[in-house]
Amino acid sequence: MARPFYVTTPIYYVNDRPHIGHAYSTVAADVVSRYQRLRGKPAYFLTGLDEHGLKIERRAKEEGLAPREFVDRMAAPFRLAWEELGCAHDGFIRTTSSQHRENVQALWKLMAARGDIYLDDYEDWYCVGCESFKTEKELLDGNLCPIHQKPVERIKERSYFFRLSKYTQPLLDYYEAHPGFVRPDARFNEVKSFVKEGLRDLSISRTSFRWGVPVPDDPEHVVYVWLDALMNYVSALGGPAEDGEAPLYDEFWKSSEAIIHIVGKDILRFHTIYWPAFLMSAGIRLPTQIWAHGWLTVNGEKMSKSLGNFLPPGPLVEAVGADVLRYYFMREVGFGQDGDFSHRNLLNRYNGELANGLGNLMNRIVASILKKNLDGRVPKVDLEQLDPTDRQLIDRAKDASAEAARHLEALAFHRALDTIWELVSAANKYVDSTEPWRLAKQDDKTRLAQVCYTVLETLRWLSIMLFPVMPEKCNELRAQLGMPPLLPTEQVDLWPSAWGGLRPGTQTQSATPLFPRFDEAQERSMLERLGVEAPKSEQEKAAAMTETEKLKDEFIEFDDFMKVDLRVALVKEAEKVQKSKKLIRLVVDAGEAEPRQIVAGIAEHYSPQDLIGRRVVIVANLKPRKLMGLESQGMVLAASDESGLCMLGVDKDVEPGSRAK
RNA sequence: GGGCCCAUAGCUCAAUUGGUUAGAGCCCCCGGCUCAUAACCGGGUUGUUCCUGGUUCGAGUCCAGGUGGGCCUACCA
């Protein structure tokens, strides 16, 4: 009897808009739940939103809305994004729901009843501007708030505390007894070493804002946002709130085979230390696994608003379709590792794997050979009378099915797809070696039928194995095979294991290709639509290549040199760029009407005050570029060797703006 | 400062946990085929497995040290 399976994403902070980072987590959880469902397990897939906290309270105010209205408005894009991506969650929890709030309070009471909550003074640095406490290490030099750049105050506040320290040893024991509790292993090591240092009691209430869950019996206090947020995994199922029944909670939490939280590596500590400790205290079962995946960069750069490469999933879905994006997410990066989202690789994988590999396999048999020679119907064959080549492919399919299942159980999505594509490739080889087009010409109907059937059945298997990742496309594929859509059913294992499921006589439908290839022009226009710099055409590439080749062994012309506008500039201001190791922001007089701002990576070698009043040499006509959000209008020349770096200067005080040549 | 992880072909990654000749995909070149979406198939090129030393009959794999990169954590100013 297949036991229930529970998988969750983090609840996303509703202050943000959905981006591909959110999408990546959510797709992964969707793939897990779809796979488990296919195996006949009752599966529950939860995602949702974290809607409390000071930041939301403040944002709402700025927008002139009540917090409630604000979060309602911000929630919509998330729901839409998951729908567009084909993420079929069973639950969508919002921490502002009454069900959730009641359960947070219930959790609090359970922890209090255990004697794990006490009231005490909390003392730390406080920023009036932020209305919140700052830890020492957040502060800038001179005890300044990193946001307001104003001095913080030492303030005491009454706060409830959770006896986290008490759980140091129980947690370590639990880790010891459950070696797969945190994945990947390297992250588990981090967690263990953090706990081994010893845990301090945790402040779990705030009085500085109102937008949260009131502490039971002390409404002056609001429950700490993480205690509030983490409880979503339980409250979404009905949870242990005193009265009322919670059948979902009983099924998917209490008696579940597996409870898997998929999280980003940034929120690992909350899920692997605080959350289990809260649950131990409350006497609630712990999750079975916390899976920390890595971060996606975008075209090699960290995604951030200031770099202007904040990437929402919507336009991508519009451009390539949900399933293709899902495929790319799961295929491109090892789950648990950091990876890169690149438009170029997306298109390469699309053309190389989906279009040429799977799509073409489908097309060459169903839309062509079968249609032309066998009336487009699944032929009748004697499965006992097959050729060794056929058996080989069948064995490959069986191996692939078993191996892909193993990988999917372990959330090794990229491995699973790798395995499945070996089968796709084997099937294409099989078609080549059996040469069905020749069989057709020779009118060898028996053999032709065998070959076609073997490929068609392989395609049927693929339509199941790929279903968790590409549900829509797999059903399209099945429609072309004349098969009904896949309907996962509890207690029925649909994962392919028996050969011969396709019924002879079934009419196939050769519709449009599953994955039509993008030609170069289409790629360009798509990338333009997405706002990505279009890749160079082959000719341009060749031209660029020869040009750089030339540069290698040829002198430049004097005119080429004169293109570089070198000038002497006087440094008027200099300051270190906050949060940066290497950058100094300079304001220089280059003899122009307006002073220029230049950001230079010299902080490790010069201190700002030494620079003011100096004359330096700058490249004045360099294309401006943003560094750490600051525009740099030029570049300071410096020479470096292994002993360090020194700036170029002039040995007389020439007028700022003088040209160097 | 303490700790964890990583380093393999131009790129992305494998290598049955110490086993013989280190493999795939992408890219590039050549050839074949022609059913198919300029698709498919075959062949070819590319390695100081980061470095130095050690253990062993045998090391990509284990140990020590080093270099480089990523991360967790403590602290200084």
Side-chain angles (χ1 to χ4, degrees), chain A residues 135-137 139-143 182-200 264-269 272-273 292 294-295 297 300 302 328 331-342 344-374 403 406-407 412 414-415 417-422 424-442 448 451-452 455 510-522 535 538 541-542 545 576 607:
Chain A
T135 58
E136 189 115 12
K137 69 171 179 183
L139 300 177
L140 306 175
D141 292 356
N143 286 345
V182 180
R183 316 274 352 238
D185 289 338
R187 298 281 164 208
F188 203 0
N189 291 341
E190 275 174 16
V191 170
K192 286 176 189 164
S193 71
F194 183 85
V195 176
K196 272 180 199 152
E197 298 285 309
L199 297 169
R200 289 194 317 187
K265 63 183 184 180
D266 54 324
I267 52 175
L268 192 62
R269 189 187 306 169
T272 56
I273 300 173
W295 285 117
T297 52
K302 197 176 162 191
Y328 178 76
R331 180 77 173 99
E332 179 71 16
V333 301
F335 200 63
Q337 289 175 284
D338 288 340
D340 184 46
F341 177 92
S342 126
R344 176 106 303 261
N345 282 344
L346 171 63
L347 293 174
N348 282 347
R349 288 210 182 267
Y350 178 86
N351 274 345
E353 294 167 3
L354 296 174
N356 297 351
L358 178 60
N360 185 51
L361 174 66
M362 178 79 196
N363 207 50
R364 62 201 300 209
I365 292 298
V366 178
S368 180
I369 294 168
L370 196 71
K371 194 177 185 181
K372 288 179 197 160
N373 301 291
L374 294 168
E403 201 180 327
R406 270 202 307 280
H407 290 316
H414 64 302
R415 293 282 186 86
L417 289 171
D418 203 31
T419 301
I420 292 170
W421 246 259
E422 277 172 23
V424 171
S425 173
N428 267 319
K429 286 190 203 358
Y430 170 84
V431 174
D432 264 60
S433 67
T434 52
E435 300 179 296
W437 52 91
R438 178 181 296 186
L439 299 171
K441 275 179 203 148
Q442 294 168 346
L448 183 63
V451 168
C452 285
V455 177
S510 56
T512 48
L514 265 185
F515 303 101
R517 231 184 115 80
F518 288 117
D519 63 31
E520 207 172 288
Q522 285 172 306
E538 287 308 312
K541 253 191 239 167
M545 186 60 111
K576 197 146 182 291
S607 63

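Here the structure is a predicted model, which means the values were calculated and not measured. Below, chain A is the first sequence line, B the second, and so on; all start at residue 1.
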Quiz item: Expressed as a whole number of Å, how far does the P atom of B:G60 sit from that of B:G54?
Solution: 15 Å
Exercise. For nucleotides 31-37 of chain B, just jot down a letter per nucleotide in 5' to 3' order: B, S or -, based on protein non-hydrogen atoms under 4.0 Å.
Key: -BSSBBB
Exercise. Grab the CG-P distance between A:Asp266 and B:G70 for me, whole Å please.
Key: 18 Å
Quiz item: How far does CG of A:Leu448 sit from CG of A:Leu370, to the nearest 0.5 angstrom?
Solution: 8.0 Å
Quiz item: With distance as the sole test, does A:Glu197 use its side chain to make a donor-acceptor pair with the main-chain N or O of A:Phe194 at under 3.5 Å?
Solution: no
Quiz item: How close or far is atom P of B:A39 from atom CD of A:Glu520, stated in whole angstroms?
Solution: 12 Å
Quiz item: Looking at the angle O4'-C1'-N9-C4 for a purine or O4'-C1'-N1-C2 for a pyrimidine, is B:U49 syn or anti, with syn meaning within 90° of 0?
Solution: anti
Exercise. Using the C1' atom on both, measure B:C27 against B:G66 and round to a whole Å.
Key: 35 Å
Practice problem: Quick one: look up who B:G53 pairs with, Watson-Crick or G-U, both distances under 3.5 Å, and put none if it's unpaired. | Solution: B:C63
Practice problem: May I have the distance from A:Leu347 (atom CG) to B:C27 (atom C1'), rounded to whole angstrom? | Solution: 16 Å
Practice problem: State whether A:Asp432 and A:Arg364 are salt-bridged, where the test is any N-O pair (Lys NZ or Arg NE/NH1/NH2 against Asp/Glu carboxylate O) under 4.0 Å. | Solution: yes
Quiz item: If we only count heavy atoms from C-beta on, is the A:Trp437 to A:Lys372 side-chain gap below 4.5 Å?
Solution: no
Quiz item: Roughly how far apart, to the nearest Å, are B:G47 and B:G23 at atom C1'?
Solution: 12 Å
Quiz item: Considering every strand shown, what is the Watson-Crick or G-U wobble mate of B:C4 when both distances are under 3.5 Å?
Solution: B:G70
Quiz item: A:Asn345 and A:Tyr328: which non-hydrogen atoms are nearest, and at how many Å?
Solution: CB-OH, 3.5 Å
Quiz item: Can you tell me how far C1' in B:A15 sits from the matching atom in B:U61, rounded to whole Å?
Solution: 10 Å
Quiz prompt | Integer angstrom distance from the C1' of B:U56 to that of B:G18 | solution = 9 Å
Self-check item: Any-strand Watson-Crick or G-U partner of B:C75, both distances under 3.5 Å
Solution: none
Quiz item: Start at the 5' end of RNA chain B and walk down; is the nucleotide closest to A:Lys429 or to A:Asp418 reached first?
Solution: A:Asp418
Quiz item: Taking atom C1' in both B:A77 and B:C5, what distance in whole Å separates the two?
Solution: 30 Å
Quiz item: Does the A:Asn351 side chain pair with the main chain of A:Arg517, one donor and one acceptor, at a distance under 3.5 Å?
Solution: no
Quiz item: Taking the same atom, P, in B:U55 and in B:U17, what whole-Å distance lies between them?
Solution: 25 Å
Exercise. Counting Watson-Crick and G-U wobble pairs only, both distances under 3.5 Å, name the nucleotide matched with B:G23, or none.
Key: B:C13
Quiz prompt | Heavy-atom donor-acceptor pair, A:Ser193 side chain to A:Glu190 backbone, under 3.5 Å | solution = yes
Quiz item: Taking protein heavy atoms under 4.0 Å as touching, what does nucleotides 6-18 of chain B look like 5' to 3' if B marks base contact, S marks sugar-phosphate-only contact and - marks none?
Solution: --------S----
Quiz item: Given side chains that start at C-beta, do those of A:Lys265 and A:Asp338 come closer than 4.5 Å, heavy atoms only?
Solution: yes
Quiz item: Hey, what do you get for NZ (A:Lys192) to OG1 (A:Thr272), rounding to the nearest 0.5 Å?
Solution: 11.0 Å
Exercise. Starting at atom CG of A:Asp519, determine the distance to atom C1' of B:A39, rounded to an integer number of angstrom.
Key: 14 Å
Self-check item: Within-4.5 Å side-chain heavy-atom neighbours: A:Asp418 and A:Arg331
Solution: yes
Quiz item: What closest approach, in Å, do A:Ala355 and A:Phe515 show between heavy atoms, and which atom pair accounts for it?
Solution: CB-O, 3.2 Å
Practice problem: Quick one: pull up CG in A:Leu354 and CG in A:Asn360 and give me the separation to the nearest 0.5 Å. | Solution: 12.5 Å
Quiz item: How far, in whole Å, is B:G69 from B:U37 if one measures between their C1' atoms?
Solution: 42 Å
Quiz item: Which atoms form the tightest heavy-atom contact between A:Ala292 and A:Pro184, and what is the distance?
Solution: O-CD, 3.3 Å
Quiz item: Given that both distances must come in under 3.5 Å, which nucleotide forms a Watson-Crick or G-U wobble pair with B:G31?
Solution: B:C41
Self-check item: Distance, rounded to the nearest Å, where A:Glu422 contributes CD and B:G25 contributes C1'
Solution: 10 Å
With the criterion being N/O to N/O and under 3.5 Å, what pairs connect the protein with nucleotides 2-4 of chain B, and how long is each?
from	atom 1	to	atom 2	distance (Å)
B:C4	O3'	A:Asn189	ND2	3.3

